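In what follows, a structure is listed as structure tokens, so that the remarks can point back to it.
In this text, all values refer to a predicted model and were calculated from it rather than measured experimentally.
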Amino acid sequence: EVVEEALIAIESIGPGARSAVPALRSVLKKKDDELKLQALHALAAIGPGAKQAAPVVKEFLDHQDLHLKISAAVALVSLNPGDTKSVQQIVPDVIGALSRRDRHLQRQTVRLLSVLGTPAVPALVKVVGADDPQVCRLACDALANIGPDAQGAVPTLVKAVSHPNPRTRWHAIRAIGVIGHADDKVVSALEGALSDEEAVVRAHAAVALGKLAPASKAAVGRLAKAVHDPILNVQISAAGALRNLGPAAGEAVDDLVAV
């Protein structure tokens, strides 16, 4: 227990714990998987300063335990920022971890797929339409974290805007807004979401349209109506979107004045 607490403390110290790297490498050679896992987390927190541990960490990419495999991949990307080639091979295995009922494993998986960026997009696109709403939401979150480099996922995310689960709908909408790619189909889908039965979905749709300005100027009329939504958060989000549209939102002046 003391060793585990010490490892957690080293992780919390982060880059300043560089001197602990030799000891962390030693822990990775022990039999206790829990300690190995925590050592990987600590190395990831230290970052490039722990680069000398990369060869030992890389061995865990072939490990059968998904926790260790994914944590090792996260650590490798942290040790060598910008070099993701060594961990791309495990993406097919990692994507399956999203369906595990293990919140920590899911968080680590989203974190890894997010930092992998473009190479992870095709695998994430395949699970955005998953039957399991939780898996779909996690995939949307990873794509949002990737940002503009996930533009290829937008058509699939647009389909998810009409997902039967409201939480999945707004996660997909949020991802679309963060990725920042807009065409007629995207704007049309978000306009439709302004009439969603769930206020949180309507609010996220307005925010996304605001982020996509000026490409979303065709939605000005619907955003003007949303200013009168019965839910305050939707009203605020719609007004914020119109603000982002600037002069293109001229037709909404009367609605804004009437608030």
>> Does anything in residues 50-67 form a side-chain hydrogen bond (donor to acceptor under 3.5 Å, both in side chains)? List the pairs, not counting sequence neighbours.
In response: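 Applying side-chain hydrogen bond (donor to acceptor under 3.5 Å, both in side chains) to every pair that reaches into residues 50-67, excluding sequence neighbours, yields His67-Asp102.
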Side chains of residues 10-17: which donor-acceptor partners sit under 3.5 Å, not counting sequence neighbours?
{"from": "Glu11", "atom 1": "OE1", "to": "Gln38", "atom 2": "NE2", "distance (Å)": "2.6"}
{"from": "Ser12", "atom 1": "OG", "to": "Ala9", "atom 2": "O", "distance (Å)": "2.6"}

> Can you tell me how far the CG atom of Leu242 sits from the NZ atom of Lys217, to the nearest 0.5 Å?
Replying inline: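 Nearest 0.5 Å value for the CG-NZ distance: 14.5 Å.
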>> Nearest 0.5 Å, please: how far is CG in Asp196 from CD1 in Ile173?
In response: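 That separation rounds to 7.0 Å.
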> Which ring-ring contact (aromatic ring centres under 6.0 Å, His included) pairs, counting each pair once, include a residue from residues 80-135, with sequence neighbours left out?
Replying inline: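 Checked against ring-ring contact (aromatic ring centres under 6.0 Å, His included) - neighbours excluded - the pairs reaching residues 80-135 are His41-His104.
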> How would you list all residue pairs meeting ring-ring contact (aromatic ring centres under 6.0 Å, His included) that involve residues 109-143, not counting sequence neighbours?
Replying inline: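 As it turns out, there is no ring-ring contact (aromatic ring centres under 6.0 Å, His included) pair with a partner in residues 109-143 once direct neighbours are skipped.
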>> Tell me every residue that passes side chain to side chain donor-acceptor pair (under 3.5 Å) with Thr84, counting only those two or more places apart in sequence or in another chain.
In response: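 Thr84 satisfies side chain to side chain donor-acceptor pair (under 3.5 Å) with Gln88 once adjacent residues are dropped.
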>> For the residue pair Arg100 / Thr109, report whether a side-chain donor-acceptor contact shorter than 3.5 Å exists.
In response: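 Looking only at side-chain atoms, Arg100 and Thr109 do not form any donor-acceptor pair under 3.5 Å.
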> Considering residues at least two apart in sequence or located in another chain, which fulfil the side-chain contact (heavy atoms from CB on, under 4.5 Å) criterion with Gln89?
Replying inline: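 Testing Gln89 for side-chain contact (heavy atoms from CB on, under 4.5 Å), a comparison that skips the adjacent residues, returns Leu61.
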>> Once salt bridge (Lys or Arg N to Asp or Glu O under 4.0 Å) is applied, do any residues pair with Arg174, and if so which ones, sequence neighbours excluded?
In response: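 Residues passing salt bridge (Lys or Arg N to Asp or Glu O under 4.0 Å) with Arg174: Asp141.
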> Excluding sequence neighbours, so at least two apart, what forms salt bridge (Lys or Arg N to Asp or Glu O under 4.0 Å) with Lys211?
Replying inline: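 Once residues adjacent in sequence are excluded, Lys211 has no partner under the salt bridge (Lys or Arg N to Asp or Glu O under 4.0 Å) criterion.
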>> Quick check: closest heavy atoms across Pro166 and Glu198, and the distance to 0.1 Å?
In response: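 Shortest heavy-atom separation between Pro166 and Glu198 comes out as CB-CG, 3.6 Å.
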> Quick one: are Phe60 and Leu76 in side-chain contact, heavy atoms under 4.5 Å?
Replying inline: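 No, every pair of side-chain atoms sits at 4.5 Å or beyond.
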Throw together a table of side-chain donor-acceptor distances under 3.5 angstrom for residues 250-259, partners on residues two or more places apart or in other chains.
{"from": "Asp255", "atom 1": "OD1", "to": "His228", "atom 2": "NE2", "distance (Å)": "2.9"}

Can you give the donor-acceptor pairs under 3.5 Å from side chains of residues 232-240 to other protein atoms, not counting sequence neighbours?
{"from": "Gln235", "atom 1": "NE2", "to": "Asp229", "atom 2": "O", "distance (Å)": "2.5"}
{"from": "Ser237", "atom 1": "OG", "to": "Asn233", "atom 2": "O", "distance (Å)": "2.9"}

For residues 29-36, which side-chain N or O atoms pair as donor and acceptor with protein atoms under 3.5 Å away, sequence neighbours left out?
{"from": "Asp32", "atom 1": "OD1", "to": "Glu34", "atom 2": "N", "distance (Å)": "2.9"}
{"from": "Asp32", "atom 1": "OD1", "to": "Leu35", "atom 2": "N", "distance (Å)": "3.2"}
{"from": "Lys36", "atom 1": "NZ", "to": "Lys30", "atom 2": "O", "distance (Å)": "2.9"}

> Taking only residues at least two apart or on different chains, which pairs with a member in residues 185-194 satisfy salt bridge (charged side-chain N to carboxylate O under 4.0 Å, His left out)?
Replying inline: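 For residues 185-194, and leaving out neighbouring residues, there are no salt bridge (charged side-chain N to carboxylate O under 4.0 Å, His left out) pairs at all.
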